[in-house]
S.K.: 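Here it is, the structure in full.
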There are 2 protein chains.
Amino acid sequence: MTIHQPPKPGTALWVYAHPRRGSLNDRLFTAGVEALSQRYQVLTSDLHDQRFDPVLSDRDLGDSAGKPGNIAELVGEAYTRGQTPEDVRTEQAKIAAAELLIVQFPLWWYGPPAILKGWFDRVFTSGFAYGDIDPELGLPRRYGDGGLAGRKALIVVTAGEDAKSIGPRGISGDLDSLLFPLTHGVLWYVGIETLDLHVIHDADSLDGSGVDHEIERLRQRVRTVGSEPARRYRRLRDGDYHGTRALREDLLPGRTDLGIHLAAGRDRRPTT
Amino acid sequence: MTIHQPPKPGTALWVYAHPRRGSLNDRLFTAGVEALSQRYQVLTSDLHDQRFDPVLSDRDLGDSAGKPGNIAELVGEAYTRGQTPEDVRTEQAKIAAAELLIVQFPLWWYGPPAILKGWFDRVFTSGFAYGDIDPELGLPRRYGDGGLAGRKALIVVTAGEDAKSIGPRGISGDLDSLLFPLTHGVLWYVGIETLDLHVIHDADSLDGSGVDHEIERLRQRVRTVGSEPARRYRRLRDGDYHGTRALREDLLPGRTDLGIHLAAGRDRRPTT
């Protein structure tokens with residue numbers, strides 16, 4: 001498996017992280033995979049069912065376990081030597097094949113559950129998901145140009161709060177900002193474009209018809225997901241940043257919200 | 001153990017989440033605990049050393065494991081019945097005692113490592129950290145008024161990137177926003193005030209004297225941490241929000257960055 005391999009057209013991976021059978025998430029998972037299977041070959045990663053271990057530790061370093069140095073680089077060395085643990089390699093093979101990722105989870109403490117966070121910590125290794133150098137720029141490829149470029153992701157997330165509490169100026173922070181570390185920091189970093197979030201609000205207080213409605217809404221969404229435009233962030237190589245660092249002063253001056261990193265045309269606020 | 005118990009003055013808890021002995025984080029941990037011990041009785045939670053399991057699952061639900069319903073509420077029921085697993089109870093007792101929390105971790109994929117995320121997922125249960133009702137407001141106490149009010153927290157975080165890349169308008173998002181789900185969504189939600197972040201930038205490229213400098217800088221920080229003013233967010237009960245939802249339009253109109261949730265006087269930008 002080498003970096004920058006193209007995905008297999010028509011293949012999708014549904015990553016799912018909820019511990020309980022019969023839960024709202026479980027029902028969404030089953031219905032979503034079924035609907036998606038009408039258009040894609042769907043691979044799944046049911047992290048609880050697989051008993052995926054989310055803790056990155058010495059066993060992820062292979063022969064580099066005893067060496068000093070940066071842990072992400074040592075994990076990359078292990079990858080290059082073919083010493084990545086079997087459970088991680090299995091996940092990497094699924095990601096490599098998929099042109100579309102669905103990442104489904106309940107919002108716990110305003111972020112992904114630990115089992116999903118650790119899936120990224122362990123599976124998105126240097127050498128696999130990022131780490132090679134752009135020959136033109138002489139810089140590591142990242143932010144729109146990583147090892148998994150050419151793929152799209154849809155986040156499906158259930159939240160106990162309503163649309164106002166996790167909307168713009170909501171008391172809990174708007175969900176796009178809360179999940180920026182995932183959509184931009186993980187996915188866009190390695191080249192994966194994200195679609196608009198698919199949010200199930202008030203997830204704890206839905207009645208039977210509310211659940212049915214949400215299941216149908218998810219079915220509809222995944223049926224047309226292949227033709228949706230991605231919500232692109234700015235590419236590092238497009239020159240919007242000073243070198244590799246901060247957004248140029250002439251772009252959206254004065255703003256400090258995380259929305260400044262959306263590429264022009266996808267922002268909902270006036271641009272300069 | 002009941003909700004709203006006051007901490008023990010002079011007791012601190014240092015929570016630490018890095019897998020490698022001899023790492024920069026390990027050296028910071030050792031030096032930090034030593035310096036803090038001159039002023040506090042310091043409890044520690046070395047999550048990797050304890051082999052803490054971060055995956056919330058059926059065993060956290062006690063007799064409610066088979067019941068339908070919201071998982072956080074079922075975890076709370078187990079807490080009320082005294083069926084919280086032993087490893088979680090041990091952590092809760094340490095938190096209950098501490099007036100000061102130090103939370104130290106390397107920034108992995110722009111957030112806490114899974115083992116730390118899962119420490120919050122499993123340990124900050126309903127009934128312990130939040131969940132009772134404010135008799136005046138008739139609403140659950142949260143955001144400045146949770147079950148752990150009266151405590152302060154210092155985040156100590158190492159980052160591979162420089163201050164510009166994770167500063168205001170930085171390409172990776174500013175660190176205060178990236179960690180908002182932790183400082184506001186977890187800690188402030190349950191009533192814990194946070195101090196300004198303690199960030200070790202360029203953590204992967206420090207030379208020997210750079211490491212010595214950072215160790216000394218952390219020692220200095222923890223020596224005076226008890227007298228530092230907290231960086232308070234807005235309290236739900238202060239009326240800055242419409243009910244429990246979005247910030248009132250007359251406060252910082254037009255702004256959508258997460259900094260709007262800082263209480264007046266602690267914001268670095270003009271207020272209305």
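Chain identifiers are assigned alphabetically (A, B, ...) following the order of the sequence lines, protein sequences preceding nucleic acid strands; residue numbering begins at 1 within each chain.
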S.K.: Quick one: which of A/Y189, A/W119, A/F120 gives a ring pair (Phe, Tyr, Trp, His ring centres under 6.0 Å) with B/W109?
M.R.: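 The residue from A/Y189, A/W119, A/F120 that satisfies ring pair (Phe, Tyr, Trp, His ring centres under 6.0 Å) with B/W109 turns out to be A/Y189.
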S.K.: Salt bridge between A/R245 and B/D162, side-chain N to carboxylate O under 4.0 Å?
M.R.: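 Salt bridge between A/R245 and B/D162, a charged N being under 4.0 Å from a carboxylate O: yes.
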S.K.: With a 4.5 angstrom heavy-atom cut-off, is it the side chain or the backbone of B/L107 that approaches chain A, or both, or neither?
M.R.: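 B/L107 has no heavy atom closer than 4.5 Å to chain A.
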S.K.: Pair A/R169, B/Y241 - check side chain to side chain contact (heavy atoms under 4.5 Å, CB included), show working.
M.R.: CA-CA 9 Å; A/R169 295 169 59 87; B/Y241 297 91; over 6 Å; no
S.K.: Does any backbone or side-chain atom of A/E249 lie under 4.5 Å from a heavy atom of chain B? Answer side chain, backbone, both or neither.
M.R.: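 Just the backbone, heavy atoms under 4.5 Å.
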S.K.: Quick one: what part of A/L74 sits under 4.5 Å from any heavy atom of chain B, side chain, backbone, both or neither?
M.R.: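 Side chain only.
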S.K.: Sort B/A65 into side chain, backbone, both or neither according to what part of it lies under 4.5 angstrom from a heavy atom of chain A.
M.R.: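 Backbone of B/A65 only, per the 4.5 Å heavy-atom cut-off to chain A.
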S.K.: Please state whether the side chain, the backbone, both or neither of B/L258 comes within less than 4.5 Å of a heavy atom of chain A.
M.R.: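 The answer is the side chain of B/L258.
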S.K.: Are any non-hydrogen side-chain atoms of A/L236 and B/I171 less than 4.5 angstrom apart?
M.R.: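 Yes, their side chains come closer than 4.5 Å.
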S.K.: Take a 6.0 Å sphere around CZ of A/R21 and say whether it holds more than 12 heavy atoms from other residues, nucleotides or ligands.
M.R.: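 No, not enclosed.
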S.K.: Please determine, among B/I115, B/V55, B/D53, the option with the most heavy-atom pairs under 4.5 Å with chain A.
M.R.: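 Highest number of pairs under 4.5 Å: B/V55.
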S.K.: Check whether A/D240 gets within reach of chain B through its side chain, its backbone, both or neither, counting any heavy atom under 4.5 Å.
M.R.: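 Neither; nothing under 4.5 Å.
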S.K.: Does any backbone or side-chain atom of B/R122 lie under 4.5 Å from a heavy atom of chain A? Answer side chain, backbone, both or neither.
M.R.: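 No part of it gets close to chain A.
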S.K.: Please test B/R255 against A/T256 for side chain to side chain contact (heavy atoms under 4.5 Å, CB included), starting from the C-alpha separation and ending with a verdict.
M.R.: CA-CA 9 Å; B/R255 276 180 54 186; A/T256 56; 5.5 Å; no
S.K.: Top residue by heavy-atom pair count (under 4.5 Å) with chain B, among A/G118, A/P113, A/S57?
M.R.: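 Result: the option with the highest number of such pairs is A/P113.
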S.K.: Could you tell me which of A/P181, A/G22, A/P168 has the largest number of non-hydrogen atom pairs under 4.5 Å with chain B?
M.R.: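 So the answer, after comparing A/P181, A/G22, A/P168, is A/P181.
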S.K.: Between A/R20 (side chain only) and B/N70 (backbone N and O only), is there a donor and an acceptor less than 3.5 Å apart?
M.R.: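 No.
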S.K.: Whether the side chain of B/K117 engages the backbone of A/L116 through a donor-acceptor N/O pair (distance < 3.5 Å, no angle test) should be reported.
M.R.: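 Side chain of B/K117 to backbone of A/L116, a donor-acceptor pair under 3.5 Å: no, none is there.
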S.K.: Could you grab the distance from atom NZ of A/K164 to atom CG of B/L247, nearest 0.5 Å is fine?
M.R.: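 Here the interatomic distance stands at 14.0 Å.
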S.K.: Kindly say whether B/A114 contributes a backbone atom to a donor-acceptor pair with the side chain of A/D121 at under 3.5 angstrom?
M.R.: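 A pair under 3.5 Å: yes.
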S.K.: Rounded at 0.5 Å granularity, tell me how far CG in B/D257 sits from CG in A/D257.
M.R.: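 Between atom CG of B/D257 and atom CG of A/D257 there are 6.0 Å.
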S.K.: Look at A/G185, A/S205, A/G69 and state which one has the largest set of heavy-atom pairs under 4.5 Å with chain B.
M.R.: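 Most pairs with chain B among the choices: A/G185.
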S.K.: Evaluate the ring planes of A/Y110 and B/Y143, with Trp represented by its six-membered ring, and classify them as parallel (under 30°), tilted (30 to 60°) or perpendicular (over 60°).
M.R.: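 Aromatic pair A/Y110/B/Y143 classed tilted.
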S.K.: What part of B/L61 gets within 4.5 angstrom of chain A, counting heavy atoms only: side chain, backbone, both, or neither?
M.R.: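 Answer is side chain: those atoms of B/L61 sit under 4.5 Å from chain A.
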S.K.: Does the A/H184 side chain pair with the main chain of B/G173, one donor and one acceptor, at a distance under 3.5 Å?
M.R.: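 No, A/H184 side chain to B/G173 backbone: no donor-acceptor pair under 3.5 Å.
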S.K.: Should A/P19 and B/I71 count as side-chain neighbours, where that means a heavy-atom distance under 4.5 Å?
M.R.: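 SC-SC contact between A/P19 and B/I71 confirmed.
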S.K.: In terms of heavy-atom pairs under 4.5 Å, which option from B/S23, B/A203, B/P112 contacts chain A the most?
M.R.: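 Answer, by heavy-atom pair count under 4.5 Å with chain A: B/P112.
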S.K.: Which heavy-atom pair separates A/H261 from B/G170 by the least distance, and what is that distance?
M.R.: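 Taking every non-hydrogen atom into account, CE1-O, 2.9 Å.
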S.K.: Identify which part of B/P68 has an atom lying under 4.5 Å from any heavy atom of chain A, answering side chain, backbone, both or neither.
M.R.: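 Backbone only.
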S.K.: So B/S177 and A/S177, do their side chains get closer than 4.5 Å, heavy atoms only?
M.R.: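 Counting from C-beta outward, A/S177 and B/S177 never come under 4.5 Å.
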S.K.: Does atom CZ of B/R27 have more than 12 heavy-atom neighbours, drawn from other residues, nucleotides or ligands, at distances under 6.0 Å?
M.R.: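 No - once you tally the heavy atoms of other residues, nucleotides and ligands closer than 6.0 Å, there are 12 at most.
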